[in-house]
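These notes concern the structure reproduced below.
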Amino acid sequence: MIDSGQALGLEQKLSGKHVMITGGLGMLGSTMAHQLVKCKAKVTIVDACIEPYGANMFNLEGIRDQIDLNITDIRDKEAIKVLVKDKDIIFNFAAQVSHNDSIDDPFLDADINYIGHLNVLENVRKFNPKAKVLFSGSRLQFGPIESIPVDEDHPLRPKTPYAFNKTVAESMYLFYYEVHGIPCIVFRIANTYGIRCQMRHSKYSIVNYFIRQAMEDKPLTIFGDGKQLRDYIYVDDLVNVFLLASIIDEAEGRVFNVGGGIGTRFKDMMNMVAEVVGKGEVVHVPWPDNYLNVETGDYVTDISKVSTMLGWRPLVGLREGIEMTHAYYEKYRTYYF
Ligand SMILES: NC(=O)c1ccc[n+]([C@@H]2O[C@H](COP(=O)([O-])OP(=O)(O)OC[C@H]3O[C@@H](n4cnc5c(N)ncnc54)[C@H](O)[C@@H]3O)[C@@H](O)[C@H]2O)c1
């Protein structure tokens, strides 16, 4: 939980720190940048603005003149060598984010989600080995789920190139911690939604996509019966857990599962979106093969490790999060639709 004391603690510990965020024009990275500016950190954003991911200049509205923005690719060896040098903390969020697209172009996924991250880590090892480096992995690394809630010891049997490469990248972060002593921290993240997310397609961040569908009074299409459980986390809660991990030394070298910790049936999430927005009809269609083949079953995060070690818990319930997200896109729709 971030209480007022923790918020004060965060500001005290992060004030004046040099922090780099890769993928910083996307949802998670830009929301992190807003929070870090509040904490008076010196923020550098690195983003390659690759389509069809979430880079959006409007995400920096209100802080653009308080941060350093580099339109750079994490695979660029020379640029990253210079950029890592003076940083205290690196949130390495840049990614090819769609697990379905990774099936069509596994080379691109490996290139960004594995080789790009290796480039950041190697440059940290050579030029700034004291930097703390935090990695955003995915719940999809687990593959088929044996039992819920899912803790950190659940077997990893990734089913798509996105999930393999996140899993290899996670092992690489842990290697850099164990062998080279780089203070790395790894998260496996459940379904994230909220403000500053791309709203143009359904390749990822599905709650946001359905909020747009409902706002445009279009059908909200559920594959199958929609009874599968999912765990949704609001972006502000995710930012808080990364920030806490960045200032707590015991987090170094650890893997954390993070999510809302509550299972919600997919169809209940959809009905909630339709209720909050006040439009959009929920319709059921058969599962398309390309989705059914990579479906991993019910997922609920066991958040006991992350809550105990970092003193964190999610603060935003699903309905409240959908309400805040809807209100944001009502106000700023032209920048995202
Ligand atoms: N959104 C989710 O539901 C979710 C769930 C689990 C994990 N994650 C992970 O969280 C991280 C952030 O995701 P997000 O939801 O903010 O996505 P996003 O698409 O909003 O942001 C990703 C950003 O990375 C940038 N990027 C892509 N390739 C790059 C490269 N080679 N060099 C530099 N920048 C590059 C994109 O331009 C984009 O701005 C990703 O690592 C993602 O895999 C997201």
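Both ligands and their constituent atoms are indexed starting at 1 by order of listing. Values in this document were obtained by computation on a predicted structure and should not be read as measured data. Because only heavy atoms are used, hydrogens play no part in the values below, and waters and symmetry mates are left out as well, while side chains stay in.
- You'll find the ring centres of F135 and F187 outside the 6.0 Å limit.
- Taking the ring centre of F266 as origin, the terminal cationic atom of K227 falls outside the region bounded by 6.0 Å and 45° from the ring axis.
- Protein residues with a heavy atom closer than 4.0 Å to ligand 1 are G23, L25, G26, M27, L28, D47, A48, C49, I50, Y53, G54, A55, T72, D73, I74, R75, F93, A94, A95, V97, I112, S136, G137, Y162, K166, I189, A190, T192, Y204, S205, listed by chain and number.
- Ring geometry for F223 against W287 counts as tilted: the plane angle lies between 30° and 60°, on a 0 to 90° scale.
- The side-chain tip of R230 does not point at the ring of Y299 from less than 6.0 angstrom away and within 45° of straight on.
- By the 30° and 60° cut-offs, the orientation of the rings of Y234 relative to Y193 is perpendicular.
- Using a 30° and 60° split on the angle between ring planes, Y336 and Y329 fall in the perpendicular class, above 60°.
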